[in-house]
Amino acid sequence: MEETLSSLLGQLRSALSQVRLTLPLPGSAQAKTWATAAVSQLDDYVIPRLQAIEAPLLTVVGGSTGAGKSTLVNSLLRQVVTTTGVIRPTTKAPVLIHHPDDAHWFNSDRVFPELARCAGATDNPRSLQILACEAVPAGLAILDAPDIDSVDVENRTLAAQLLAAADLWLFITSAARYADAVPWEYLSQAAQRSAGVAVVVDRVPPAAMRAVPEHLAQMMTQRGLGDSTLFAVPETVTDDDGLLPVAAVEPIRAWLHYLADDQMARVKVVMGTLDGAIAALENGVQAISDQVSAQNRCLTQLKADAAAIFKETKRSVRAASSDGTLLRGEVMARWQDFVGTGDFMRSIESTIGRARDRIGRFFTGRADKAFDVQVAVKSGLETLIIEAGESAVERVEASWLADPAGRYLMQWCGADIGTIAPDFPAQVEDAIRRWQEDVMGIVSKEGAGRRTKARLAALGVNAAGVSLMLVAFSHTAGMTGAEIGIAGGTAIVAQKVLELIFGDEVIRRLAAMAEEQLSTRMDGVLQSQLDRLLSLSVDRFPAETLDSQALVRLGAKVGAARLVETKRLAAGAHQKGEVGDDGSV
C-alpha cells in the first residue's frame with residue numbers, strides 16, 4: 001500500500017525527534033538546531049496545514065525590535081488589539097487575530113499545540129492570545145509575533161518558531177534598519193524554503209520614499225526575494241490611539257483583503273509555502289544523516305582507541321611474563337633458597353632412577369621454601385599487571401584528551417578515566433591466586449597416573465607446581481651476562497626436575513597450558529578495567545539510535561510523495577477554478 005505524504009512526514013518527524021548530536025563535531029550544533037526547528041515546523045505548520053489546506057491563510061507579522069509591528073497590526077484593523085510601547089520587549093506573548101467565523105480553526109491545538117490558549121492579554125511567552133475581530137476578513141488570520149532580535153532569548157526562539165509556521169510572512173523593518181544583518185538572516189531562510197513573503201519598510205522619510213524602497217527591492221532581488229511584495233509606509237504621526245493614518249497602511253490592508261477574498265491567490269501562497277517547506281525538510285535530511293553517522297563513528301573510534309591501548313598492554317604483559325623478566329629479583333632469590341645453585345643439578349647422577357631418588361631426598365622438608373617461591377611469583381606478577389593497568393588507563397586518558405570529542409566525553413561522564421579502579425589490585429591478586437591454583441591442578445592431574453604418582457609424591461605437588469610456574473617464565477630473551485647463568489640455576493633446574501617426573505614432551509605441553517592460563521587470567525583483569533572505563537563513558541553516552549541510511553531513504557520517499565501531492569492539490573484547485581489553464585496555481 002502506498003504511503004501518504006502525511007504518513008511519511010509523521011515518520012520523518014518521529015525520526016528527527018530522535019536526533020541527539022551531542023558530541024561537539026564540526027557542523028553538529030547547526031544540524032541539531034535544524035533538526036529541532038524541523039520538528040517544530042512539522043508540528044506547527046507542515047502536518048496541520050497539509051491536513052487542512054482550506055484553513056485560513058496564517059499571516060505572521062515579524063521583524064526587529066521597535067520596527068512597529070504592533071502599531072501596523074492595530075492600524076490595519078483600526079483598533080488596538082496588541083500592545084505597543086517603548087519598553088522592550090513589547091510583544092511578550094503572541095497575539096492571533098481572526099474573523100469570528102474562523103474561530104474553530106484556531107481554538108483547537110491544530111497549530112502551535114504546545115502554546116496555551118488564552119482570551120486576554122498575557123505576559124507568558126508560552127501562551128497564545130486568540131482574538132476574534134470583525135475587521136479581519138474571513139479566510140485570513142494575523143499573528144503579531146515577538147521581536148526576532150529580542151533581548152529575551154525565549155522571545156527570539158518563539159519568534160523564529162512562529163515565522164516558520166506562517167503561510168505568509170509580513171516582515172516589518174524600518175528605513176533606518178532595513179540593511180541590518182539579523183532581519184536578512186531570517187529573510188534568507190524564507191527564500192531558501194520558498195515561503196510567501198511580503199516586506200514592509202516603515203517610517204520612511206517623505207524625501208526617501210523612492211530611494212529606500214528601490215534600494216531595498218534591489219537587496220531583495222539579490223537574495224532570492226525578487227518576486228516578493230514590497231510596501232513602504234511613510235514616516236508620519238499616529239492618532240490618540242497610536243494608529244497610523246488610513247492612507248499610510250491602505251495598500252497593505254487592500255492586499256491582505258485581496259488574498260482573503262481571492263481563493264486562487266490564497267491557495268497559491270499556501271501551496272507555494274507548504275511545498276517549499278517540505279522541500280527544505282527533504283534537503284536537510286542528508287546533512288542530518290551525515291551528522292548522525294559522524295557521531296557514531298566518533299564514539300566507535302574513541303572506543304577503538306581505548307581497546308587498542310589495552311590490546312597493546314595485554315601483549316606487553318604477556319611478553320614480560322615470558323621473556324625472563326619475572327626470573328629476576330625476588331623470584332630468583334627465593335628459588336635459589338629452594339634449590340640452591342647450579343651445583344645441585346651437576347650433583348645429580350646420570351641414571352634417571354637414582355636422580356629421581358636424589359631429588360626426592362633433596363626436597364624433603366623444603367615445602368616452606370617452595371611456598372616462598374610461590375609468594376614471590378605472585379608478588380612479581382601482581383606488580384607487573386597493576387603497573388600495566390595503571391599505565392593503560394593513563395594512556396587512554398591522554399589519547400581522549402587530545403581529541404575534542406574525547407574531552408567532551410570525559411567532561412560529560414564526570415568520572416576519573418585516568419585512574420585505575422580502587423579494587424583493581426584485589427582483582428589482580430585474586431586472578432594470580434587462581435592461576436597458581438590452576439597450575440597446582442595441572443600438576444596434580446598429570447601426576448595422577450600410575451607411572452608419575454610416586455615421582456610426584458617424592459617431589460611434592462607444591463614444589464612441582466612452583467617449578468612449572470618458572471618453566472612458563474623460562475625464556476631468557478632480554479637477559480644478559482650473569483643473569484643467564486643465574487637462569488641456568490633457576491628455570492633450567494625447574495625444567496629438568498619436571499622432565500625427570502613427567503618427561504620432556506609432557507613438560508612442553510604442561511608449560512604451554514600454564515602459560516595460556518596465565519595469559520587468560522591477566523587478559524581478564526585488564527579487560528575488566530577496559531570494560532569499566534567504557535561503561536563509565538562511551539557505553540553510557542547517548543549514542544545516536546537513528547538509522548542514518550533509513551533516514552535518507554525516508555527523505556527520498558517524502559520527496560517523491562511531495563511531487564505527487566503537489567500535482568493532486570493543483571488538480572483539485574484547477575477543478576475549482578483556482579488555477580490557470582497553464583496549470584499554475
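This structure is a prediction, so every number in the text was calculated from the model and none was measured.
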Lys/Arg N to Asp/Glu carboxylate O, K69 vs D147, below 4.0 Å: yes

E3-Q11 side chain donor-acceptor pair, cut-off 3.5 Å: yes

Approximate separation, where rounding is to 0.5 Å, of L5 CG and L50 CG: 5.0 Å

Between R553 and K557, is there a side-chain heavy-atom distance shorter than 4.5 Å? no

In Å and rounded to the nearest 0.5 Å, what is the CG to CG distance from D167 to L140? 9.5 Å

Counting neighbours of CG on D423 that are heavy atoms of other residues, nucleotides or ligands and sit closer than 6.0 Å, is the number greater than 12? yes

Rounded at 0.5 Å granularity, tell me how far CG in L299 sits from OG in S537. 9.5 Å

Got Y178 and H215 here, is their nearest side-chain heavy-atom distance under 4.5 Å? yes

Give the C-alpha distance, both sets of side-chain angles, the deciding distance and a yes or no for salt bridge (charged side-chain N to carboxylate O under 4.0 Å, His left out) between D109 and R117. CA-CA 9 Å; D109 60 356; R117 268 55 175 168; over 6 Å; no

Does K311, at its NZ atom, have more than 12 non-hydrogen atoms belonging to other residues, nucleotides or ligands within less than 6.0 Å? no

So among L526, I385, L530, V396, which one has a side-chain contact (heavy atoms from CB on, under 4.5 Å) with T313? L526

Going by distance alone, is a donor N or O of one side chain under 3.5 Å from an acceptor N or O of the other, for S528 and Q427? yes

Pair E429-R433, salt bridge (charged side-chain N to carboxylate O under 4.0 Å, His left out): steps then yes or no: CA-CA 6 Å; E429 180 182 9; R433 177 181 58 79; over 6 Å; no

Under the salt bridge (charged side-chain N to carboxylate O under 4.0 Å, His left out) rule, what do E565 and R568 come out as? Steps first, then yes or no, please. CA-CA 5 Å; E565 186 69 7; R568 186 188 71 80; 2.5 Å; yes

Non-hydrogen side-chain atoms of L25 and C298 separated by less than 4.5 Å: yes

Assess, by modelled atom type and distance only, whether the side chains of S174 and D202 contain a donor and an acceptor separated by less than 3.5 Å. no

Are side-chain heavy atoms of Q286 and D290 found at a separation under 4.5 Å? yes

Count the heavy atoms belonging to other residues, nucleotides or ligands that lie under 6.0 Å from NZ of K378, then report whether that count exceeds 12. yes

Does any non-hydrogen side-chain atom of V60 lie less than 4.5 Å from one of W169? no

Against V200, only a single residue in T229, L230, L170, V61 fulfils side-chain contact (heavy atoms from CB on, under 4.5 Å); can you say which? L170

Taken to the nearest 0.5 Å, the spacing of L551 CG from Q291 CD works out to 12.5 Å

For the CG atom of D144 and the CD atom of Q129, what is their distance to the nearest 0.5 Å? 10.0 Å

Evaluate the side-chain proximity of R407 to W412: yes if any heavy-atom separation is below 4.5 Å, no if none is. no

Please report the interatomic distance CH2(W105) to CD1(I130), rounded to the nearest 0.5 Å. 14.5 Å

With salt bridge (charged side-chain N to carboxylate O under 4.0 Å, His left out) as the criterion, how do D149 and R156 come out once you've worked through the C-alpha distance, each side chain's angles and the decisive distance to 0.1 Å? CA-CA 6 Å; D149 56 355; R156 294 200 304 270; over 6 Å; no

Side chain proximity check, V199 to V197, heavy atoms < 4.5 angstrom: yes

